[in-house]
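Here the structure is a predicted model, which means the values were calculated and not measured. Heavy atoms only: backbone and side chains are in, while hydrogens, waters and symmetry mates are out.
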Amino acid sequence: MPTPDAINYIIEPLNEQHNRTAFCCGIEALDRYFQQQANQDRKKYVAASFVAVDREQNQVIGYYTLSATSIPLEELPTEITKKLPKYALLPATLLGRLAVDQNYQRQGWGDLLLMDALYRSWQNEIATMAVVVEAKDEKAVAFYQHYQFLQFPDRLNRLFLPMKTIKAMFS
């Protein structure tokens, strides 16, 4: 399959016209969520799903979800908290899921979807101090660390990227 540069695609909010049944990333929980739950979460305002769509094939290339979360102040590293207000909970954006269909994997689509998620989070008019992810495995941890995500000290599969870092990426 061609890289993102060679495909006519769009990234847009999930809607009824997107074919979710054909999507297969190879991880059952992510496939099942997208096929059976994502649209319900969208309708109930629990999570916003965004999809990359191959316009010529009319196929979902990949998806990610964004929702609100909070970070207990004591879970963050001291070097981060000393610069923040001492609120018990700090607002954050949760990048809950990110998956690429097997037909499009290892071609840069995961990177493109992550950058789109970070950009949307930064452009959001509601203030959040970071984007948070829960990595499924060590490979996912390495993927996020490549983009400067930091691990929570007590939960190594949970990572965050401060909004200041995201802002610097796009400014």
Between [X] and [Y], how do the two ring planes meet: parallel, tilted or perpendicular, split at 30° and 60°?
X      : Y      : result
Trp109 : Tyr104 : perpendicular
Tyr33  : Tyr63  : parallel
Phe170 : Trp122 : parallel

Atom [atom1] of [X] with >12 non-hydrogen neighbours under 6.0 angstrom:
X      : atom1 : value
Glu79  : CD    : yes
Gln123 : CD    : yes
Asn124 : CG    : yes
Ile126 : CD1   : no

Between [X] and [Y], what is the shortest heavy-atom contact and its length?
X     : Y      : answer
Thr21 : Gln35  : O-NE2, 3.6 Å
Ala99 : Leu113 : O-CD1, 3.9 Å
Leu30 : Cys25  : CB-SG, 3.7 Å

Side-chain donor or acceptor of [X] paired with backbone N/O of [Y] under 3.5 Å:
X      : Y      : result
Glu75  : Asp154 : no
Asp101 : Phe23  : no
Lys86  : Thr81  : yes
Thr65  : Arg97  : yes
His18  : Asn15  : yes
Lys136 : Glu134 : no
Arg55  : Asn8   : no

Please tell me whether [X] and [Y] are part of a single hydrophobic cluster in this structure, the criterion being side-chain heavy atoms less than 4.5 Å apart.
X      : Y      : answer
Ile166 : Leu159 : yes
Val132 : Leu90  : yes
Leu118 : Phe143 : yes
Leu95  : Met169 : yes
Phe50  : Val100 : yes

Residues in salt bridge (charged side-chain N to carboxylate O under 4.0 Å, His left out) contact with Asp111, at least two apart in sequence or another chain = none
Any ion pair linking Glu16 and Arg42 (charged N to carboxylate O, less than 4.0 Å)?
-> yes
